[in-house]
Amino acid sequence: MTIDVATGIARILKQEGVDWVSTFPVCRVNNALGREGVPMLMMRDDRYAVAVADAFSRITAGKRTGVCTFQGGVNAAGMQYAYAGLAQAYEDGSPVLCITDGVPIGSSGNSQFDVASSMKTVSKWFGYLDKPERVPEFMRRAFTMLRSGRPGPVILAIPNATGTYDDTADPYIPVKGWKAAPDPADVRAAVTLLLQAQNPLIYAGEGVIYADAADDLKALAELVNAPVITTLKAKGAFPENHPLFVGVRGDQVGHYLTKSDLILAIGSSLSPGRFSHGIPEAVRKTIIHCNVDELHINKMYPTAQAVIGDARLTLQALRKEVSERTSGAGRPAGDVAAEVKAARDAGLAKYREVMASNEKPINPYRVYGDLMQVLDPHNSFVTHESGNTRDQLSTVFDTLMPRGFLGWGNVSTLGFSLAAAIAAKKAFPARASVAVTGEAGLGYMLGNLEVLLREKLGVTVVHISNGGFAGYGPGFWGPGHDPFTHAVLGPNEVDMAKVLGALGLHTERVSEPSEVKSALQRALAANESGRPAYIEYLCCQYPVYGQWVGRSME
Ligand SMILES: Cc1ncc(C[n+]2csc(CCOP(=O)(O)OP(=O)(O)O)c2C)c(N)n1
Ligand SMILES: [Mg+2]
């Protein structure tokens, strides 16, 4: 049958199990999506169209592909705005599919902004569909790249959405996605090093979540009795109430990174310096680097032994080898778990104290402590914002399942928490979905809050309202690093609960510590009937949290 390109793409997306697409108009495939019955989640700007789809891919660990469309071509206004979202998705390695208009044949060189070269800098693959007949091929390649290897965005540019082709000539068959198992010789060598080590430490990254390998990580950690730290993006890959869990950040994490003589990194790039730990005295440690491909091997640190392959297959192979060498006994337990507990208790003591604080304005840790009490850790989703909410939550918030918490941000782009909370609601409608933000993140998301109402998305935005960019300006912590650019109109000047209440959200403004919990409960109850909620907690500026460990010290 002869069909047009846009219809072909819409039908293939349905074959691939895509049941909604986020967008900001215009994109020339949108009308075909509408005609073919693919619902569109219309955001209020192009960056959020990308961010919601990006977050959906992350939260479902790539099992369900987030797809978005935005304006491109010669009038690439949408794409120019979407670029921020694309750069973030690329930086964080998110397997999101982005569809945009391509520059029509005969119009190249017509604009200052070069669509193709800019898109190539933020994608695993940028495909320019130069012939209608190539729709099945391009979609096959796109889904192959989205479902195999190192995750990253794929961008398809469609220059002629009304061009036609015969869809029976090359009938589309959905793509499975493929994995690679590690070289057994590398597994043997890695296990030899691991069993020689005095103080091995497992450093787990988000690759564990993408590979669906949380259970295998736990099994290996228990077999070799090694403490575990996870990266910010991998928060939840290891149950945070487990006796071998050290933390994401905090003094205890620094202690273990320093103390270890061997680091077994799995599913992490080990790229320090942004929102992750460096490895102190790395050249004097043995680094086993298990990764899905070679890109990160011997990057920043010398790799003693690389094990290249899918994280789940790698963990299983390591486990089997350790079991065989030790007759199933693994490494002796010693007092590893007791030491981890002591270090964790010591590291968390000062935060646990303020998590129960009755001070006014409310201490932000009190909000996090109460949030942990209100939410069911097996049936909820929490994410942070850029700023103190990221640093504080990743220090203290206990996550018990993969994607119970979404940590994000190799670069940490303000406003992403709203996209993440929306995506979580789309992925797991029965789970409570909470974004915790400061005023800067809130400023980015304001225009998009209408989407929550229009789409009846029962998510809660928790605002740690402290009147400025905490820590940027002077305070009890010193002069601050940006003393000229930190103050905004705060709760004394603007009643945000009133502003957003007028928009239609369930809102509350809370100044009493004793009300923190009940306000959350009311917000979550409103969410259950599809009503979004906003709670403004009048908080003190308290920029105190666990640090990232630097990488120098060589
Ligand atoms: C797009 C973008 N621009 C700039 C930044 C830098 N930045 C990070 S946090 C922040 C301010 C955070 O202040 P607020 O939201 O009030 O949170 P608080 O730290 O007070 O809790 C800024 C400007 C960023 N992360 N993303
Ligand atoms: Mg603030």
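All residue numbers in this chain count up from 1 along the given sequence. Counting starts at 1 for both ligands and their atoms, in listed order.
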- Would you check whether Gly468 reaches within less than 4.0 Å of ligand 1, judged by its heavy atoms? yes
- Task: Report yes if some heavy atom in the side chain of Leu400 is under 4.5 Å from a heavy atom in the side chain of His378; otherwise report no.
- Result: yes
- Message: So that I can tick it off, tell me whether Arg522 and Glu515 are bridged by a salt bridge, with the cut-off set at under 4.0 angstrom between side-chain N and carboxylate O.
- Response: yes
- Could you find the nearest protein heavy atom to atom 12 (C) of ligand 1 and give me its residue, atom name and distance? Ala440 CB, 3.8 Å
- Mind jotting down which residue pairs meet the ring pair (Phe, Tyr, Trp, His ring centres under 6.0 Å) criterion with at least one end in residues 384-417? Sequence neighbours excluded, please. His384-Phe405, His384-Trp408, Phe397-Phe405, Trp408-Phe416
- Does ligand 1 have an atom that lies less than 4.0 angstrom from a heavy atom of Ile464? no
- Which residue owns the protein heavy atom closest to atom 2 (C) of ligand 1, what's the atom, and how far is it? Tyr444 OH, 3.6 Å
- Tell me, which protein N/O/S atoms are under 2.8 Å away from the Mg ion (ligand 2)? Glu439 OE2, Asn466 OD1, Gly468 O
- Report the C-alpha separation of Ser271 and Asn410 in whole Å, then their side-chain angles, then the decisive distance to 0.1 Å, and conclude whether the side-chain hydrogen bond (donor to acceptor under 3.5 Å, both in side chains) test is met. CA-CA 9 Å; Ser271 303; Asn410 279 343; over 6 Å; no
- Message: Pairing donors with acceptors under 3.5 angstrom, does anything connect the side chains of Lys235 and Ser394?
- Response: no
- Query: Just wondering, do Val434 and Leu524 contact through their side chains at under 4.5 Å, heavy atoms?
  - Reply: yes
- Using a 4.0 Å heavy-atom cut-off, say whether Ala470 meets ligand 1 through its side chain, its backbone, both or neither. both
- Task: Answer with yes or no whether Gly441 contacts ligand 1, where contact means a heavy atom under 4.0 Å from a ligand atom.
- Result: yes
- Is there a side-chain contact between Tyr365 and Arg352, using heavy atoms and a 4.5 Å cut-off? no
- Note on the structure: Residue, atom and distance of the protein heavy atom nearest atom 4 (C) of ligand 1 read Leu414 CD1, 3.9 Å
